[in-house]
Novice: 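Attaching a single structure in structure tokens format; questions to follow.
Values below: all heavy atoms of this structure, side chains included; hydrogens, waters and symmetry mates excluded.
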Amino acid sequence: MSETGSEEWQKLWQEYAKHLENWRQLIESVQKASYEIQQKFNEVMEKAAKESSADTMKEFGENWQKAMSQAGIDAFKTFGDSWQKAMSESTFDAYKQFSDNWQKTLSGSGMEQLKVYGETMKKFAETWNTMWPQK
């Protein structure tokens with residue numbers, strides 16, 4: 001192989017390695033952001049479970065589910081059943097179990113799950129703001 005050919009391979013390898021490192025950093029950022037938003041979700045649900053009535057929590061769940069349906073998020077066909085189970089127990093641990101279960105569902109492979117997770121958390125925030133507006 002000529003010197004020029006070797007240099008071209010080296011340059012191509014360096015570019016590939018650079019893009020691979022960018023990709024790794026992006027994945028780590030997404031994982032970190034997902035973890036952080038899940039922690040905040042858990043904090044919100046813990047506070048809501050302690051300070052809200054069962055009727056308010058039921059209404060919240062119905063509104064969130066409705067918002068996701070309107071947004072076309074079909075990945076949560078079992079959302080209602082899981083939410084109702086959490087509602088029937090009406091404890092933070094039940095909400096945490098609900099959260100853990102659907103988090104596992106969403107953490108499957110593929111960008112579609114990532115997109116769905118983002119939409120779900122967006123609808124959660126919108127529903128939260130509707131139910132408990134910021135003053």
Novice: Work out which heavy atom in Phe124 is nearest to a heavy atom in Trp64; give both atom names and the distance.
Specialist: N-NE1, 3.2 Å

Novice: Quick one: does Met57's side chain get under 4.5 Å of Met45's, heavy atoms only?
Specialist: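 The answer is yes, as the side chains (C-beta and beyond) meet within the 4.5 Å cut-off.
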
Novice: Once salt bridge (charged side-chain N to carboxylate O under 4.0 Å, His left out) is applied, do any residues pair with Glu15, and if so which ones, sequence neighbours excluded?
Specialist: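 Salt bridge (charged side-chain N to carboxylate O under 4.0 Å, His left out) list for Glu15, sorted by chain: empty.
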
Novice: Could you go through Lys32 and Glu36, starting from their C-alpha distance and side-chain angles, then the distance that decides it, and tell me whether this counts as salt bridge (charged side-chain N to carboxylate O under 4.0 Å, His left out)?
Specialist: CA-CA 6 Å; Lys32 181 180 180 214; Glu36 290 169 350; 3.6 Å; yes

Novice: Do Glu43 and Gln39 have side-chain N/O donor and acceptor atoms under 3.5 Å apart?
Specialist: no

Novice: Could you grab the distance from atom CD of Glu62 to atom OG1 of Thr127, nearest 0.5 Å is fine?
Specialist: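 Between Glu62 CD and Thr127 OG1, I get 12.0 Å after rounding to 0.5 Å.
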
Novice: Are Glu21 and Lys18 ion-paired here, with the side-chain N under 4.0 Å from a carboxylate O?
Specialist: no

Novice: Nearest 0.5 Å, what's the NZ-OH distance between Lys40 and Tyr35?
Specialist: 10.5 Å

Novice: Please test Phe60 against Gln65 for side chain to side chain contact (heavy atoms under 4.5 Å, CB included), starting from the C-alpha separation and ending with a verdict.
Specialist: CA-CA 8 Å; Phe60 175 80; Gln65 187 173 11; over 6 Å; no

Novice: Before accepting this row, confirm whether a basic side-chain N of the pair Glu126/Lys123 lies closer than 4.0 Å to the acidic partner's carboxylate O.
Specialist: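 Looking at Lys123 together with Glu126, the answer is yes, because their closest N to O distance falls below 4.0 Å.
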
Novice: State the CG-CH2 distance between Leu26 and Trp23, to the nearest 0.5 angstrom.
Specialist: 9.0 Å

Novice: Run Lys11 and Glu7 through salt bridge (charged side-chain N to carboxylate O under 4.0 Å, His left out) and show every step you take.
Specialist: CA-CA 6 Å; Lys11 181 180 176 189; Glu7 289 172 10; over 6 Å; no

Novice: May I ask you to decide if Ser52's main-chain N or O and Thr56's side chain share a donor-acceptor pair within less than 3.5 Å?
Specialist: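 Between the backbone of Ser52 and the side chain of Thr56 there is no qualifying donor-acceptor contact (under 3.5 Å).
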
Novice: Test of understanding: with side chain to side chain donor-acceptor pair (under 3.5 Å), list the residues that count as partners of Asn42, not counting sequence neighbours.
Specialist: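 Per chain and number, Asn42 pairs via side chain to side chain donor-acceptor pair (under 3.5 Å) with Ser99.
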
